[in-house]
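Heads up, the thing below is written out as structure tokens.
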2 protein chains.
Amino acid sequence: MTDDLVARLLDGDKRALSRLLSFVENGYPEGREAMKALFGHTGHAHIIGMTGPTGSGKSTLVGVLAREYRTRDRTVGIVAVDPTSPFSHGAVLGDRIRMQELTSDPGVFIRSMATRGALGGLASTTSDVTTVLDAAHKDIIIVETVGAGQDEVEVADTAHTTVVISVPGAGDEVQAIKAGILEIADILVVNKADQPRADITAQQLHAYLNLNRDEGWEVPILKTVAIRGRGVVELADAIDRHRSFLETSGRLEEARRHRARRQLLALAGEELLSRVLATAEANGRLDELVESIAKRELDPHTAAERLIQADG
Amino acid sequence: MTDDLVARLLDGDKRALSRLLSFVENGYPEGREAMKALFGHTGHAHIIGMTGPTGSGKSTLVGVLAREYRTRDRTVGIVAVDPTSPFSHGAVLGDRIRMQELTSDPGVFIRSMATRGALGGLASTTSDVTTVLDAAHKDIIIVETVGAGQDEVEVADTAHTTVVISVPGAGDEVQAIKAGILEIADILVVNKADQPRADITAQQLHAYLNLNRDEGWEVPILKTVAIRGRGVVELADAIDRHRSFLETSGRLEEARRHRARRQLLALAGEELLSRVLATAEANGRLDELVESIAKRELDPHTAAERLIQADG
């Protein structure tokens, strides 16, 4: 059955794509089989991470950027990791109308990720989802994240180009963004740039970048008004320029190796643990150790060592 | 050296506590040794998770709640996991003044967590940090998280009592909160309750709770104005009531076993992977496999299987 689904997906069948994504997200064995079969068909898509706080107009920007790519004849996959994204649910009416244009376009595929209980972690599942979309011939894959917390930073880490979105604010917004997320930006966007203080926000970002210069690539700071489509052509151009930079500088290769290593270790860790678990659950050893920890007779580190030894 | 630090921590030495927390956060062997030695001295503290979006006044509420507990003669540990929390850095002036009162109190210990690059994941490290604070005789430990993303939900999972904070809004806030975080609440707080629409927000939360009833514990919905200290006595009372419920209903025991299991598996997984890695890095097998994946000759799942086999 997996073979059939894989063949249909490679053939452009949208329902096969949806089905395979569900397998992957739920951690079913069929998903794993499919991933193996699909992997050789990947490596073509450019993966863009779009990261910004709730209220930054991020989803609207993702939408207009997707439309811009469609006018450039490129197919688009959108993966919404933010639970508050209108691409996930809870869209307000205006967003819903704008999104209808996208969802009725056969060249666009939108997938929202459950942000809880993803087997093997959200970052790993998102990475698998982009792989499936890549095999399904999407030229551009946009991963939308809220950009708070380690988990989201790791999700952004699966992208080739990371766009960090901020909005004009009272000054402390940039401060907040700095804590963890600004340093992963390849492109900075000040959205809602028709609001007062947009220039001040851009200057603050500029000052920050001067302190944290990356050799080779100068992070552009772009101003957009997503809701009016302003600045979106420039954003798509900047993303394309970054892609070219990655290719010519050897960074794309480097990132591929980095990503391969991360995926390999995550999968090996999951597999190892599930093997130990299978044994320890069957012979009751797991319950014994859990009980000892709960009663504070044994600390978790020592218990973990014993769990592993019991298997070896 | 670890023995000495542990002895000093148990003796109430604040510097030994800071030092041990650094070891734990950085994943040093000394941290692990200390965790083993400290574990038998834990189980006393009540751990409270305080979760809410940026701008909900969460940090202010954490601060006034901590002060309320101090008037009740209980020692308090605060763990800030939100990178935008004033307990971490980037505090605006008003917050800084309010916090000075707390930081100069020897009965209060504040620790901010790096939200990136925590070895073994943020949830696991936060769990270890609460264990150390527990051994350091803190009666109450408050873990402050931004409550977005799976990672933060897992952090909240280490708490005995989870308080979810929302603010009066345009209606879609509750919608946003619903996605993933509301179902883990033991207590709901509508902060900034002096704003219009506070009652509507409370009603919406109430309607939501009616659909998701938990047997035994009725989730209270409290209104607070943290900046004026309003509703904080009621919040502390509700948390104490929840603690009593956990004890008499057997839920505390259940949660202990659940937490023990989670910790055990996380630690075992880390340890197993680090063993495989040590071998595979030494003999060059890891680099080979990474290269094969990067060149798309081998899919990550198959590579992970080979990595594990090479070790066995």
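A note on names: the letters A, B, ... follow the listed sequences, proteins ahead of strands, and every chain is numbered from 1.
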Looking at chain A, which one of [options] has the largest number of heavy-atom pairs inside 4.5 Å, strictly under?
options                            : answer
L289(B), T302(B), L298(B), L265(B) : L265(B)
A304(B), P300(B), S274(B), A260(B) : P300(B)
R259(B), H41(B), R257(B), E297(B)  : R257(B)
E271(B), M35(B), E291(B), H301(B)  : H301(B)

Using only heavy-atom distances, determine whether the side chains of S127(B) and T158(B) contain a donor-acceptor pair under 3.5 Å.
->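 No, no side-chain donor-acceptor pair sits under 3.5 Å.
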Would you say M50(A) and V143(A) make side-chain contact, with heavy atoms under 4.5 Å?
->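 SC-SC contact between M50(A) and V143(A) ruled out.
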Top contributor to chain B contacts, counting heavy-atom pairs under 4.5 Å, from S292(A), A255(A), G43(A), A303(A) |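 It is G43(A).
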In terms of heavy-atom pairs under 4.5 Å with chain B, which of K36(A), K295(A), H258(A), Q263(A) leads?
->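 Winner by heavy-atom pair count: K36(A).
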Salt bridge or not for R256(A) and E253(A), using N-O below 4.0 Å?
->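 Counted as a salt bridge, because a side-chain N and a carboxylate O are separated by less than 4.0 Å.
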Between E305(B) and R32(A), is the closest basic N to carboxylate O distance under 4.0 Å?
->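 A salt bridge is present here (some side-chain N lies under 4.0 Å from a carboxylate O).
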Minimum heavy-atom distance between E30(A) and F23(A), given as atom pair plus value =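 Scanning both residues completely, I find the closest heavy atoms to be CB-CD1, 3.6 Å.
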What part of T42(A) gets closer than 4.5 Å to chain B, counting heavy atoms only: side chain, backbone, both or neither?
->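 For T42(A), heavy atoms of backbone and side chain both lie under 4.5 Å from chain B.
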For E281(A), all residues meeting side-chain contact (heavy atoms from CB on, under 4.5 Å), sequence neighbours excluded =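 If we apply the side-chain contact (heavy atoms from CB on, under 4.5 Å) test to E281(A), skipping adjacent residues, the hits are L277(A), L286(A), R261(B).
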